[in-house]
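Counting starts at 1 for both ligands and their atoms, following the listed order.
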Amino acid sequence: MPLFADVLLPLSVSTPYRYAVPDALTTRVVAGTRVLVPVRRRKAVGVVRAIGSEPPATGTQREILAAPDAEPALSPALLRLGEWLSNYYGCPAGLSVRALLPGALWGGRAARVDGPPERSERTITLVHSLPSLLERERAFARSPRRRAAYEALEALGGTAPVRHLVAQLKLGPPVLAGLVRQGLARLDRVAAPRDPFSDLAVAPPPALTADQRRAMQEILESPVETPVLIEGVTGSGKTLVYLEVLRSVVAAGRGAILLVPEIALTPQTVARVRGVFGDDVAVLHSGLSDAERADAWRALRQGQKRVAVGARSAIFAPVQRLAVVVVDEEHESSYKQGTAPRYHARDVAVARGRIEGARVLFGSATPSLELLHQVGLGKVRRVELPRRVGDRPLPPVEVVDLRSASRVPEAGSVPWSEPLDRAVREALERKEQVILLLNRRGFASFVQCPTCGTVPGCPRCAISLTVHSTPSALRCHYCGHEESLSATCKSCGAATTRMRGLGTQQLEHFLALRFPAARIARMDLDTTSTKWSHHRILERVASGEVDVLLGTQMIAKGLDFPGVTVVGVVDADTALHLPDFRGAERTFQLVAQVAGRAGRGPAGGRVVVQTRSPDHHALRAAAAHSVAAFAAAELPLRTPPHPPYPPHVGLIRFVALGKTETAAAARATRVAEWLRRANVERLGGALTVLGPAACPIARLHGRWRAHVLVKSAETRVLGRVMRAWRAQGRGAGLIVVDRDPVSLL
Ligand SMILES: [Zn+2]
Ligand SMILES: [Zn+2]
């Protein structure tokens, strides 16, 4: 009897193509096998979803050309996970399956046998430092462009590939040559960057503290099917607990996955994991070449390595006999994938754990409200690590009220209070280090009363209204509500001020003038666009070459520098009043996390948070290092009589794109009409449809954006919306559907 295989191609298609299985391949071709098939006039790699005896309904019968692997690429469990992805996120089956295998395995005809050849590249390195502002002014008196190049290079850790500076930062080769002529820099030719983790020294892990031992016991004693949240304060040593759990699993001959946010995939993290598992671990990081990634994948698939460590996509690692999946820093928004399938690795971990009978562990000092809600419902068990290792105290947090605090007059538009100024100055005098957080570069401006701190919000959506200049108005970016821009505060009658986020460069400039002797490093998207550039900056901080590290949220994450005694949050309000219902949650997490960077050494530490909303529950809870206080205040605000939001309801976001503002708006309007009609006709009114409205980031990559939000307390109804949307197949490429979005900007 002839056999036929349904083959999924890594394309935006929902239905598999049916091919005949040649006799020679019948034993090898099963569900999950990678096969080479003809598609129109070319060949492509696909994955077999199922085998049957039905011939294709129409068209000519075509045969599978080859099946290159000795065993199926995808286990039955991973195939099921792919189906779950496709159903839950409303994504074509082809795109879901594409996410399950590394890119090199979809290589098709030109599959390379021996990895890429070794490359070399030119780098430029600073050889002469100009520590004081005065020297700098003298050296670059007549060439501001050369100065910009010098400072960019400095921010990149003193060395960078020439290619990056020219292509990304638009610095001309003559400018770089000028630096060399001036004796400030030197050009080299080096082998292209290697795996930075390949020759790490490994250290055996320290013994567990009593708290950590108890946490480990609680985890091992809880039922495998109940996920566990390890809620540990910053510096409590959660990682050691995971590693011990993983060690017990590997000793029993089973496998494990450890997910960490990409930015935390540092040499230190990897050294700790290698210290426990040696060569049993495969590290999947963005610095791997395609060939190296495919090698790591094969080693896991064949069971030669039993532990996979990596960022988001490592959740699909083909670990054999999977027993544990750990999601460290589960609140991190980088676990959400930005392209289809738009999955959240935290939720995929739960699905995979259920399919494979593996235990799922989450860790965070500032858990997401989604997870805390699950704890409240009894679906996730919580294990606490309430103390820092060595009983070091959590640093005291001083909240400085920018409405009344005296400011440093020279600071101009930079909010720089006397208390923060004093704290920084004293730390620098004691030769200690300082971290300054500036939440994010502002793009949307809001209105705030300088006297009482009130920010006008949307009456229907409870998010901050955004200022628009043409025509001059305040607008809600969820539902489109609009009101006139009033010059006075509705609460107290004082004159209001338009607030705009302050830039990190502006702050850096001010700091350089204020503390001319301090060595300052800046870390934001501009200075960390090359691979490993953030590691280089952090290495300089670790070795004491930097006195002040300033940056955006990326500096709040997982850094452990015992020399840091002062942490300052320059303007806590920018994140608080983002037009996003998670503004308060993000602010709490950010402030609590960055505060946790202070006082990890014997010198102790303190934190200064500047704000115009000192009574906001997010800041009060962060100052008290209290997750419980934050959740107790915030959860009720996301449920009626307030506008309901996750975790009480599920959310789907439809983003319509267009070449013009009108085209995007018209497309979004049609989506909203389709949803409202479906809601009335088929869903019994279980949906709330908000919008259409312009996205807070109204234009991205040259395209206009408008969105529609859908909320419902019934998961099943949202599932029906996703399936109906996928089935009607409209707007492919021009309408992005995102279930459980983490950003609404
Ligand atoms: Zn007021
Ligand atoms: Zn609204």
Side-chain angles (χ1 to χ4, degrees), residues 399 401-405 415 444-468 471-500 571-574 576-585 610-617 619 634 637-646 648-656 664-665 668-669 671-673 675-676 679 687-698 705-712 738 741 743-745:
V399 176
D401 187 345
L402 284 175
R403 295 170 303 181
S404 55
S445 55
F446 54 93
V447 159
Q448 187 168 35
C449 171
T451 312
C452 75
T454 299
V455 173
C458 174
R460 274 180 290 188
C461 307
I463 60 160
S464 305
L465 294 171
T466 302
V467 180
H468 284 257
S472 163
L474 285 173
R475 223 170 285 160
C476 171
H477 277 288
Y478 283 7
C479 71
H481 166 87
E482 197 172 302
E483 54 188 69
S484 61
L485 191 53
S486 144
T488 53
C489 172
K490 281 186 186 150
S491 308
C492 75
T496 55
T497 321
R498 184 175 161 157
M499 309 298 296
R500 220 189 150 81
D571 188 351
D573 298 6
T574 41
L576 203 54
H577 302 302
L578 276 182
D580 188 326
F581 74 91
R582 287 196 183 87
E585 183 175 359
Q610 302 192 127
T611 175
R612 282 170 210 85
S613 311
D615 295 322
H616 195 285
H617 62 275
L619 295 177
E634 178 73 11
L637 295 178
R638 296 198 194 170
T639 192
H642 304 279
Y645 284 113
H648 301 292
V649 293
L651 199 62
I652 306 174
R653 181 193 196 203
F654 294 79
V655 180
T669 303
V671 174
E673 281 165 2
L675 287 163
R676 291 201 164 97
N679 190 30
L687 293 185
T688 304
V689 181
L690 290 180
C695 297
I697 299 176
R705 307 160 81 236
H707 62 177
V708 180
L709 300 178
V710 169
K711 303 195 272 192
S712 180
D738 190 0
S743 165
L744 293 169
L745 299 178

Worksheet entry | Heavy-atom pair with the smallest gap, counting every atom of Pro579 and Leu745 | O-CD2, 4.0 Å
Worksheet item: Which pair of non-hydrogen atoms, one from Ser613 and one from Leu576, has the smallest distance, and what is that distance?
Response: CB-CD2, 4.0 Å
Worksheet entry | Side-chain donor or acceptor of Glu482 paired with backbone N/O of Ala473 under 3.5 Å | no
Practice prompt. For the Zn ion (ligand 1), count the protein N, O or S atoms found under 2.8 Å away.
Written response: 4
Worksheet item: At what distance, to the nearest 0.5 angstrom, does CG of Leu474 lie from CZ of Phe446?
Response: 12.0 Å
Worksheet entry | side-chain contact (heavy atoms from CB on, under 4.5 Å) partners for Ala698, two or more places apart | Trp704
Worksheet item: Looking only at atom types and distance, does a side-chain atom of Arg612 sit under 3.5 Å from a main-chain N or O of Asp573, one as donor and one as acceptor?
Response: no
Worksheet item: Got Gln448 and Val455 here, is their nearest side-chain heavy-atom distance under 4.5 Å?
Response: yes
Item to complete: Decide side-chain hydrogen bond (donor to acceptor under 3.5 Å, both in side chains) for Arg638 and His648; before the verdict, give the C-alpha distance in whole Å, the side-chain angles of both, and the deciding distance to 0.1 Å.
Response: CA-CA 7 Å; Arg638 296 198 194 170; His648 301 292; over 6 Å; no
Worksheet entry | side chain to side chain donor-acceptor pair (under 3.5 Å) contacts touching residues 485-494 (sequence neighbours left out) | Thr454-Ser491, Glu483-Lys490
Response to the item:
Listing protein N, O or S under 2.8 Å around the Zn ion (ligand 2) gives Cys458 SG, Cys461 SG, Cys476 SG, Cys479 SG
